[in-house]
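Counting convention: from 1, in listed order, for ligands and their atoms alike.
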Amino acid sequence: MTHWTDLKKDELEKQYSPSRWSHRMSADDVIKAHVKALKEGTERARGLAQTLLNVPYGEGDGEKLDVYIPITNSLDVPLVIYLHGGYWQFLSKEDSGFMAVPLVGKGVVVVAVGYDIAPKGNMDLMVSQVRRSVVSVVQQYSHISGLYLCGHSAGAHLAAMVLSTDWSEYSITPQIKGAFLVSGIFDLLPILSTYVNEPLKMTEEVAVRNSPSQLVPQLKLSSSSCHIIVAVAENDSPEFRKQSEEYYKTLEASGLDVTLEDVANTDHFSIIEQLVDGEYHLTKLLLETMGKS
Ligand SMILES: N[C@@H](CC(=O)c1ccccc1NC=O)C(=O)O
């Protein structure tokens, strides 16, 4: 298979345009439908669950998160933190509560984290924000039975960066039991020369220090007991599929507890949209992983 450095700019940009690989709809329509599905799911979740919206986890305006709380008297309450996608430049926590629809009914707390997307935020800031959001959640919810992470696309990248954190500079070391990295990007170098980097303005140095593929030794130190699920869509582009496969192989070769889930009949968008459905394969896998199936 050709290496990304051998691709012409237009082919590289096509590989990193997830909407152009959906078998369901045109590129424009699949993005519109995606935003609509996420917004509607989030509205439904806000109607079903008790919520705490706009809880600050830092001083910045964008440093707020939403909590979706189950009605339960169980003492076994896991919590999953969701990091939204959108190429670090689209979407927000307002579109990111949808997975609470099936999960709160099973006694799981869902937290949707907001962070400053580009051009307001840059890569270093977003990574710092999601790390601090996790610390804040652990401090607020010390009684939970387990902490889990789930991220989609750019959010899977941010989740992998959380797993790769040197927590010595933070007030606590979160113990993350499981992480779902859904259709993620783990090596940022291929996108440097593409349209994706226009608002991000990453230099090569920024891309290298924020690439989970380069931080596996740190992940092994910080997250050796975390069960990592690398999930990729059947109809993700070949380059997106390669990103997941190669990150999975690197984690596996390091002796980490990792599984690769190739999710049949999904594209880059439906792979995460369907988490609104309790019968969807990844929803069931999440519930099983949290001991709530
Ligand atoms: N140009 C990108 C746009 C994109 O990825 C996107 C756009 C809006 C909302 C979410 C997106 N991506 C992943 O969640 C694409 O071709 O799909």
Practice task
Determine whether the aromatic ring centres of Y195 and Y16 lie less than 6.0 Å apart.
Solution key: no
Handout entry: Derivation of the side-chain hydrogen bond (donor to acceptor under 3.5 Å, both in side chains) call for H84 and S92
Key = CA-CA 7 Å; H84 70 78; S92 72; 5.9 Å; no
Exercise for the section: Around atom 3 (C) of ligand 1, find the nearest protein heavy atom and jot down its residue, atom name and distance. Expected result: I31 CD1, 3.7 Å
Problem - Close approach, Y195 and ligand 1, non-hydrogen under 4.0 angstrom - result: yes
Problem - G86 neighbourhood, listing ligand 1 atoms whose heavy-atom distance to it stays under 4.0 Å - result: 10 (C), 11 (C), 12 (N), 13 (C), 14 (O)
Exercise for the section: Consider every N or O of Y87 and every N or O of ligand 1, then say whether any pair is closer than 3.5 Å. Expected result: no
Exercise for the section: Determine whether F98 and I272 make a side-chain contact, defined as any pair of heavy atoms from C-beta on separated by less than 4.5 Å. Expected result: yes
Practice task
Check the side chains of S171 and Q139 for a donor-acceptor pair under 3.5 angstrom, ignoring hydrogens and angles.
Solution key: yes
Exercise for the section: Report yes or no: does a heavy atom of H152 sit under 4.0 Å from some atom of ligand 1? Expected result: yes
Exercise for the section: Among all protein heavy atoms, pick the one closest to atom 6 (C) of ligand 1 and tell me residue, atom and distance. Expected result: F90 CD1, 3.8 Å
Problem - Polar side chain donor-acceptor pair, E11 to Q15, under 3.5 angstrom - result: yes
Handout entry: R20 heavy atom under 4.0 Å from ligand 1
Key = no
Exercise for the section: Can you label the angle between the H152 ring and the H268 ring as parallel, tilted or perpendicular, going by 30° and 60°? Expected result: tilted
